Amino acid sequence: MSATHPSFLAVRELRKHYGSIKAVDGISFDVGPSEIVGVIGPNGCGKTTLFNSILGQIEPTSGTVSFCEESITGKSPLDLSRRGIGRTFQSLQVFGKLSVRDNLLIAGQEFVGTMGRRLWMRPDAGLGERADELLELFHLKKVANKEAGCLAYGQQKLIDVAMAFMPAPRLVLLDEPCAGINASMVDELREILVTLNSTHGGSYVVIEHNMDFIMKLCPHIICMLEGRLLAEGTPEQIRADKHVLEAYLGN
Ligand SMILES: Nc1ncnc2c1ncn2[C@@H]1O[C@H](COP(=O)(O)OP(=O)(O)OP(=O)(O)O)[C@@H](O)[C@H]1O
Ligand SMILES: [Mg+2]
């Protein structure tokens with residue numbers, strides 16, 4: 001896979017050490033344009049730290065990250081979001097007191113251009129159409145005007161993911177989007193991501209413990225163990241990998 005698209009997102013020998021804890025310890029992988037990559041591995045193996053090191057949330061100990069052939073190592077989250085890179089967090093990040101639609105509008109605010117343009121545009125800064133499109137796709141239209149905090153956890157999780165797509169990102173990193181949502185919603189979310197990917201393009205990197213979701217969604221999977229890359233390949237290759245079975249799927 002790395003040979004096909006070496007330059008969209010390229011992570012090279014990335015490390016994040018906390019004293020003697022090697023949370024991420026020399027990870028390299030590539031993500032191609034419009035590719036969906038899954039990241040699996042047992043609790044505490046460094047998946048979230050990998051995302052945080054890629055996305056400027058924490059400073060990596062060493063290694064490099066480049067996006068579209070430009071170095072983004074250590075760049076701020078704001079800088080990265082302006083380059084078209086978005087993320088979701090492992091924990092829910094919605095504004096509970098705002099309506100579902102306003103949550104989406106806020107998530108797009110940073111990307112509508114200059115202050116002058118924002119001042120002279122419609123009150124929703126032109127983001128309404130995009131918000132409505134995503135509300136429809138994420139099956140949130142009926143609850144668009146409800147307070148987000150009053151909805152079931154699963155629906156709030158969908159809002160969280162939809163918010164990441166408001167700026168029409170070129171790359172999105174999703175940290176456990178299925179955590180806490182029921183099986184039918186997991187299938188729904190997978191279908192939504194497939195639709196978004198095929199209609200709007202964009203690459204996704206998805207951390208998940210839900211194997212069924214990852215195996216069906218991601219043609220390219222990396223498996224981590226203790227901060228390192230244990231295996232990389234197609235779902236079939238990962239399923240058949242002796243080390244993965246021992247370290248993770250066998251658990
Ligand atoms: N700020 C920190 N200081 C010290 N150790 C940390 C810090 N952040 C993470 N770690 C350690 O780094 C390791 C990797 O943690 P991380 O949260 O990245 O794992 P994870 O694969 O995302 O786990 P999970 O599947 O449970 O979300 C763990 O041992 C964790 O305790
Ligand atoms: Mg994590």
Side-chain angles (χ1 to χ4, degrees), residues 9 11-31 36-65 72-77 80 85-94 153-154 156-161 163-164 171-183 185-186 189-190 193 203-218 220-233 235 238-239 241 243-251:
L9 177 75
V11 176
R12 293 289 175 270
E13 287 295 317
L14 203 61
R15 286 189 168 75
K16 180 64 190 179
H17 294 179
Y18 294 103
S20 61
I21 299 169
K22 297 176 176 176
V24 173
D25 195 26
I27 294 279
S28 301
F29 68 99
D30 292 282
V31 179
I36 306 182
V37 177
V39 181
I40 60 170
N43 292 115
C45 72
K47 303 178 299 295
T48 297
T49 308
L50 173 68
F51 271 20
N52 289 342
S53 309
I54 292 171
L55 293 166
Q57 247 88 31
I58 54 177
E59 196 183 335
T61 305
S62 64
T64 61
V65 184
I72 55 165
T73 318
K75 298 275 187 212
S76 70
L80 297 192
I85 304 176
R87 81 168 295 180
T88 65
F89 289 85
Q90 201 163 336
S91 55
L92 203 53
Q93 308 278 325
V94 303
Y153 184 85
Q156 293 193 49
K157 198 81 185 175
L158 289 182
I159 300 168
D160 197 7
V161 176
M163 285 166 75
L171 171 70
V172 190
L173 282 74
L174 303 155
D175 194 347
E176 299 198 25
C178 301
I181 69 176
N182 66 39
M185 224 174 229
V186 167
L189 180 59
R190 181 170 47 78
L193 292 175
S203 302
Y204 315 151
V205 186
V206 189
I207 294 175
E208 244 315 318
H209 287 290
N210 186 319
M211 281 302 128
D212 186 55
F213 177 85
I214 281 283
M215 295 286 170
K216 286 180 181 160
L217 178 70
C218 309
H220 174 184
I221 297 170
I222 66 173
C223 180
M224 289 178 67
L225 183 69
E226 295 174 359
R228 303 188 65 85
L229 203 68
L230 181 69
E232 179 171 14
I238 292 292
R239 261 198 211 100
D241 191 287
H243 303 294
V244 175
L245 289 171
E246 273 169 21
Y248 190 64
L249 298 176
N251 279 353

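Every value quoted in this text rests on a predicted model; they were computed, and no experiment measured them. Just follow the structure's listing: the first ligand is 1, and inside any ligand the first atom is 1.
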query: Looking only at heavy atoms, which two atoms of Pro77 and Gln57 are closest? And how far apart?
result: CG-NE2, 3.7 Å

field: Backbone or side-chain N or O of Ile21 under 3.5 Å from ligand 1 N or O
entry: no

statement: The atoms of ligand 1 lying under 4.0 Å from a heavy atom of Glu176, numbered in the order shown, are 25 (O), 27 (O)

- prompt: Around Glu226, counting heavy atoms of other residues, nucleotides and ligands shown, do more than 12 lie under 6.0 Å from its CD?
  reply: no

statement: Ranking His209, Lys47, His17 by closest non-hydrogen atom to atom 21 (O) of ligand 1, top hit is Lys47

task: Just go through Gly41, Gly44, Ala23 and tell me whose heavy atom is the nearest to atom 28 (C) of ligand 1.
output: Gly44

Are [X] and [Y] side-chain neighbours, meaning at least one heavy-atom pair lies under 4.5 Å?
X      : Y      : value
Glu59  : Thr61  : no
Val206 : Glu176 : no
Leu193 : Phe213 : yes

For [atom], grab the closest protein heavy atom and report residue, atom and distance to one decimal in Å.
atom                    : result
atom 17 (O) of ligand 1 : Thr48 CB, 3.9 Å
atom 18 (O) of ligand 1 : Thr49 OG1, 2.5 Å
atom 27 (O) of ligand 1 : Gln90 NE2, 2.7 Å
atom 26 (O) of ligand 1 : Asn43 ND2, 2.9 Å
atom 4 (C) of ligand 1  : Tyr18 CG, 3.5 Å

message: I'd like to know: is the Mg ion (ligand 2) within the 2.8 Å range of an N/O/S atom from Thr48, strictly under that distance?
response: yes

query: Would you say Gln90 reaches the Mg ion (ligand 2) with an N/O/S atom under 2.8 Å?
result: yes

query: Do Asn210 and Arg190 have side-chain N/O donor and acceptor atoms under 3.5 Å apart?
result: no

field: Thr48-Asp175 side chain donor-acceptor pair, cut-off 3.5 Å
entry: yes

